[in-house]
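Beneath this line is the structure, given in structure tokens, with notes to follow.
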Amino acid sequence: MTAAEPEGEREGERGAAREQLPALAERRTQLLAWYRRAHRDLPWRRTRDPYAIWVSEIMLQQTRVETVLAYYDRFLARFPDLFALAAAPLDDVLAAWSGLGYYRRARFLKSAAELLARDAGGRFPRDVAAAVLLPGIGRSTAGAIVSIAYGTRAAVLDGNVKRVLARLAGLAELDGAPLEKRAWPLAEALVDCDAPGDVNQSLMELGATVCLPFAAARCEECPWRDGCRARAAGTVESLPQSRPRAALREETWLVAVVRRGSRFLLRRRPPTGLLHDLFELPAFESGSAAPDEAQCRRLLARALAAQFGGAPQIGDELLLHRQVISNRRVALRAFAVTLDTRPRPPARFATAAELRELAITTATRKIVARLRAEATRTAALSGPARARTSKRPPPPAAAS
DNA sequence: AACTCGGGGAT
DNA sequence: ATCCCAGAGTT
């Protein structure tokens with residue numbers, strides 16, 4: 001379902017929604033009363049600034065509140081308004097986003113800020129139809145921003161709201177287009193009032209804190225416990241009906257740890273595909289799920305030679321880091337490497353301080369942290385004044 | 001309609 | 001291990 005749907009049709013569906021949900025106004029009142037009593041105090045609920053609310057909604061896409069809390073204030077301090085974001089270098093924006101994931105969100109956010117700064121006097125649109133034209137803003141996010149920031153009557157249908165409405169109305173359709181076709185009209189009917197922003201936030205808050213997935217639902221605390229069709233039918237745990245997801249691909253990435261003093265060599269990832277343009281410890285997909293160690297050394301040497309030239313020397317295997325990245329389960333095998341060439345920009349040796357201020361991948365952040373911890377432990381064991389004497393380093397640490 | 005795109009926390 | 005999260009864009 002798209003935002004371009006004819007208004008007449010949508011109005012008709014909303015009428016049907018009213019029949020499905022009798023006493024809609026009373027339900028809304030119960031919901032808002034619960035929200036005023038039970039809602040969490042979140043930083044983006046302390047502002048009416050459309051830009052700040054926009055930033056929060058983008059960060060919150062597919063991302064939990066607790067995760068966003070660690071980024072939101074810092075991001076706004078660094079990019080306090082739309083013009084600051086529009087004028088900032090993309091690398092700075094990505095650095096502030098580093099660790100949040102779905103980096104396309106940050107690129108879209110900045111590019112939309114540039115658009116609005118140039119063509120709209122820096123003002124975020126007040127209606128859904130204009131907001132959805134901006135990159136990174138779909139129907140749900142558009143509804144959230146304009147309803148919360150301006151009080152525009154626009155609905156939200158994110159994962160939380162979908163679950164709440166599917167249970168409330170007993171919608172058994174498979175998650176995806178079929179369920180959304182039923183749920184959007186309900187969401188639209190509920191925000192057709194004088195407090196659409198609060199209604200939307202109430203629905204999201206209810207889904208995030210009470211109407212939780214599966215058996216985690218806390219129905220006793222729900223303001224809608226008496227009218228909920230799923231609760232009456234005993235189907236709370238099975239709604240919404242989620243569709244099976246694709247299996248994770250298994251991959252092995254070979255990681256080069258090139259040190260210069262306390263600094264680590266970083267390269268910029270290729271300009272397309274996963275984590276594109278972010279900085280990382282040079283990592284190369286092995287093309288095989290479980291290569292043996294000799295294959296790893298050959299592959300890594302060849303990849304490094306192609307990237308940096310010369311004849312890279314592959315030393316000890318230092319650690320194994322496991323991480324799920326997007327739709328892959330990745331085993332990152334890190335090797336100590338010596339290069340006989342001088343890496344050229346944008347590859348660079350980065351200090352600990354620089355690592356904190358660069359747009360680096362989470363895998364790199366975690367691997368560097370483990371290597372530093374290892375170095376600290378080794379130094380403490382052997383003493384500051386003594387050179388390392390053991391010829392044989394400890395075997396690779398177990399997966400984290 | 002299926003796939004891409006990150007990372008983390010709860011269960 | 002599995003699920004899913006204040007989803008959107010591309011194919």
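The structure displayed is predicted, hence computed values, not measured ones.
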If you look at every strand shown and take non-hydrogen atoms under 4.0 Å, does [X] touch a base, only sugar-phosphate, or nothing?
X: A:Trp97; answer: nothing
X: A:Leu206; answer: nothing
X: A:Ser56; answer: nothing
X: A:Val68; answer: nothing

For C:dC4, does either OP1 or OP2 sit under 4.0 Å from a side-chain N or O belonging to A:Arg245?
yes
Looking only at side-chain N and O atoms, does A:Ser140 come under 4.0 Å of OP1 or OP2 in C:dA6?
no
Of the nucleotides C:dA1, C:dA6, C:dC4, which has the atom closest to the A:Arg329 side chain?
C:dA1
Among the nucleotides C:dA8, C:dG9, C:dA6, whichever has the atom closest to the side chain of A:Asp158 is C:dA6
Check whether A:Thr364 reaches the backbone of A:Ile360 with its side chain - one donor and one acceptor, N or O, closer than 3.5 Å.
no
Could you tell me how far apart [X] ([atom1]) and [N] ([atom2]) are, to the nearest whole angstrom?
X: A:Leu157; N: C:dA6; atom1: CG; atom2: C1'; value: 11 Å
X: A:Glu57; N: C:dG7; atom1: CD; atom2: P; value: 9 Å
X: A:Ile148; N: C:dA6; atom1: CD1; atom2: P; value: 13 Å
X: A:Asn200; N: C:dA6; atom1: CG; atom2: C1'; value: 10 Å
X: A:Ile137; N: C:dG7; atom1: CD1; atom2: P; value: 14 Å
X: A:Met204; N: C:dC5; atom1: CE; atom2: C1'; value: 13 Å
X: A:Ile58; N: C:dG7; atom1: CD1; atom2: P; value: 10 Å
X: A:Leu248; N: B:dC3; atom1: CG; atom2: C1'; value: 14 Å

Between the side chains of A:Arg105 and A:Gln61, is a donor N or O closer than 3.5 angstrom to an acceptor N or O?
no
Whether the A:Ser147 and A:Asn200 side chains hold a donor-acceptor pair (N or O, under 3.5 Å, no angle test) is what I'd like checked.
yes
Does the plane of the ring in A:Trp97 sit parallel, tilted or perpendicular to the ring in A:Phe75? Use 30° and 60° as the thresholds.
perpendicular
Would you check if the distance from the ring center of A:Tyr72 to the ring center of A:Trp44 is below 6.0 Å?
yes
Can you tell me if CZ on A:Arg40 sees more than 12 non-hydrogen neighbours from other groups inside 6.0 Å?
yes
How far does the C1' atom of B:dG9 sit from the matching atom of C:dA8, given to the nearest Å?
23 Å
Distance, C1' atom - from C:dC5 to B:dG6, rounded to whole angstrom
12 Å
Could A:Arg328 and A:Glu250 be called an ion pair, given the rule that one side-chain N must be under 4.0 Å from one carboxylate O?
no
Summarise protein proximity over nucleotides 5-11 of chain B in one line of letters, 5' to 3': B for base, S for sugar-phosphate only, - for none, counting protein heavy atoms closer than 4.0 Å.
BBBBB--
Of A:Leu134 and A:Arg45, the one whose closest nucleotide on DNA chain C sits nearer the 5' end is A:Arg45
Answer yes or no for A:Arg267 and A:Phe284: cation-pi contact, defined as NZ/CZ to six-membered ring centre under 6.0 Å and angle to ring axis within 45°.
yes
